[in-house]
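Remarks on the structure that follows.
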Amino acid sequence: MKILECVLNLIFPQKCGICGKIGDSICQKCYEDVKKYGIKKQYKDLFFAYSYEDVVRKLILDYKFNNMSYLYKTIEKCLINNKNVCQFLNDYDIIIPVPLHKKRLHKRGYNQAELIAKEITKDVNSKSNKRLECFSNVLTKNKNINPQSEKGIIQRKTDVQGIYEVKNANLIKEKRIVLFDDIYTTGSTSKECKKVLLEAGASKVGILAIAKDYID
């Protein structure tokens, strides 16, 4: 696999997902720009890496909606290079991406949270003695609803109730799970997912989001 990656890098060299400079999935200059939006105030079981604005907002929107799936590597580097994110992950055994409904997944072609979660797992396991697992076959979304971004706070909360389900519950029994999502606004989606994971037997569920959005 490493030989194949080297060959592919020669043919298609890595470049910064923000400015396009060849060398890495994000250059140092652009990473410094992203770091300006880092969130300092954190919570015990809830971690937001960045504020959802300017360069961070554009990066996530391009990734999700403009057919730029390759940006998962750029975003993952912004997370894994953040020492506070790595410290947060140390408290967990499993990372589970917030799922998409099969119709939304088919339309987009990829689950944006899953691609990043898998890359995080690979990086964490290669750089430390920590053994982190990524499961995308545990949490499922059984109802397709309109995007949460189109709704108010009250509707966000009621619409997500009962739409997530746990499969293969034996994989998470007594395990510490970090739920991974891209944007955290009201927390309705993440809190509902957390509830069903705890009910299925997880011993602890934390939430990690790329960015925190603030709404009135």
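- Just one residue in the list Tyr72, Tyr110, Tyr70 forms a ring-ring contact (aromatic ring centres under 6.0 Å, His included) with Tyr63, and that residue is Tyr110.
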Please determine whether side chain to side chain donor-acceptor pair (under 3.5 Å) holds for the pair Thr140 and Glu165, giving the CA-CA distance in whole Å, both sets of side-chain angles, and the decisive distance to 0.1 Å. CA-CA 5 Å; Thr140 62; Glu165 184 180 356; 4.5 Å; no
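- Looking at every heavy atom in both residues, Leu139 comes nearest to Ile96 through CB-CG2, 4.0 Å.
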Show, in sequence, the C-alpha distance, side-chain angles and deciding distance for Cys86 and Val124, and conclude whether the side chain to side chain contact (heavy atoms under 4.5 Å, CB included) test is met. CA-CA 8 Å; Cys86 294; Val124 167; 5.7 Å; no
Asp45/Val205 under side chain to side chain contact (heavy atoms under 4.5 Å, CB included): CA gap, chis, key distance, verdict: CA-CA 7 Å; Asp45 297 327; Val205 178; over 6 Å; no
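- When all heavy atoms of Gly20 and Lys15 are compared, the closest pair comes out as O-CB, 3.5 Å.
- To the nearest 0.5 Å, atom CD1 of residue Ile177 and atom CG of residue Asp91 are 14.0 Å apart.
- Test Val160, Leu179, Ile163 against Cys193 for side-chain contact (heavy atoms from CB on, under 4.5 Å) and you get one pass: Leu179.
- No side-chain donor-acceptor contact under 3.5 Å links Asn66 to the backbone of Met68.
- Hydrophobic clustering of Ile, Leu, Val, Met, Phe, Trp and Tyr side chains at less than 4.5 Å, counting indirect connections, keeps Tyr184 apart from Leu61.
- The line from CG of Asn81 to CG of Asp123 is 8.0 Å long, rounded to the nearest 0.5 Å.
- At a threshold of 4.5 Å between side-chain heavy atoms, the hydrophobic network of Ile, Leu, Val, Met, Phe, Trp and Tyr places Ile94 and Ile120 in two separate groups.
- For Asp182, the salt bridge (charged side-chain N to carboxylate O under 4.0 Å, His left out) partners are Lys64, not counting sequence neighbours.
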Before giving the answer on ring pair (Phe, Tyr, Trp, His ring centres under 6.0 Å), spell out for Tyr50 and Tyr37 the whole-Å C-alpha distance, their side-chain angles and the decisive distance to 0.1 Å. CA-CA 5 Å; Tyr50 302 99; Tyr37 300 96; 8.4 Å; no
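- To the nearest 0.5 Å, atom NZ of residue Lys194 and atom NZ of residue Lys204 are 9.0 Å apart.
- Side-chain atoms of Asn137 do not come within 3.5 Å of backbone N or O of Lys167 as any donor-acceptor pair.
- Counting non-hydrogen atoms of neighbouring residues, nucleotides and ligands closer than 6.0 angstrom, the CG atom of Asn67 reaches no more than 12 such neighbours.
- Looking at Gln112 and Leu100, their side chains come closer than 4.5 Å, going by heavy atoms from C-beta outward.
- Using a cutoff of 4.0 Å between basic side-chain nitrogens and carboxylate oxygens, Glu32 and Lys29 are not scored as salt-bridged.
- By the criterion of side-chain heavy atoms lying less than 4.5 angstrom apart, applied directly or through intervening Ile, Leu, Val, Met, Phe, Trp or Tyr residues, Val178 is grouped together with Ile116 in one hydrophobic cluster.
- Taking hydrophobic clusters as Ile, Leu, Val, Met, Phe, Trp and Tyr residues chained together by side-chain heavy-atom distances below 4.5 Å, Val56 shares a cluster with Phe180.
- Expressed to the nearest 0.5 Å, how far CD1 of Ile210 lies from CD1 of Ile60 amounts to 4.5 Å.
- Looking only at distances, a side-chain donor or acceptor of Asn125 sits under 3.5 Å from a matching main-chain atom of Leu132.
- For Ser203 (side chain) and Lys175 (main-chain N/O), a donor-acceptor pair under 3.5 Å exists by modelled atom type.
- No more than 12 heavy-atom neighbours from other residues, nucleotides or ligands sit within 6.0 angstrom of CZ on Arg57.
- Shown here for Ala117 and Ile95, the closest heavy-atom pair between the two residues is CB-CD1, 4.0 Å.
- The NZ atom of Lys77 sits 15.5 Å away from atom SG of Cys30, with the distance rounded to the nearest 0.5 Å.
- Between Phe88 and Tyr92, the distance separating the two ring centers is shorter than 6.0 angstrom.
- To the nearest 0.5 Å, atoms CG (Leu46) and CG (Leu208) are separated by 9.0 Å.
- Counting side-chain heavy-atom gaps under 4.5 Å among Ile, Leu, Val, Met, Phe, Trp and Tyr, Ile22 is found in no cluster with other residues.
- Shown here is Lys127, whose NZ atom has more than 12 heavy atoms of other residues, nucleotides or ligands within 6.0 Å.
- Annotation: side chain of Val98 is not in contact with side chain of Asn111 (no heavy-atom distance under 4.5 Å).
- Residue Lys118 qualifies as open at atom NZ: its count of foreign heavy atoms under 6.0 Å is 12 or below.
- Using a 4.5 Å cut-off on side-chain heavy atoms (C-beta onward), Cys78 and Lys35 make no contact.
- One hydrophobic cluster, built from ILVMFWY side chains closer than 4.5 Å, holds both Tyr31 and Leu71.
- By the 4.5 Å heavy-atom criterion applied to side chains, Glu76 and Lys73 are not counted as neighbours.
- Summarising the geometry of Lys212 relative to Ile39, their closest heavy-atom pair is CB-CD1, 3.7 Å, with the distance given to 0.1 Å.
- In plain terms, the two heavy atoms of Val138 and Leu197 that are nearest each other are CG1-CD2, 4.3 Å.
- Closest approach of Cys16 to Cys27, counting heavy atoms only: SG-N, 3.4 Å.
- Using cut-offs of 30° and 60° on the angle between ring planes, the pair Tyr43 and Phe48 is perpendicular.
- Annotation: side chain of Ile26 is in contact with side chain of Val34 (closest heavy-atom distance under 4.5 Å).
- A salt bridge does not link Asp54 to Lys58: none of the charged side-chain nitrogens sits closer than 4.0 Å to a carboxylate oxygen.
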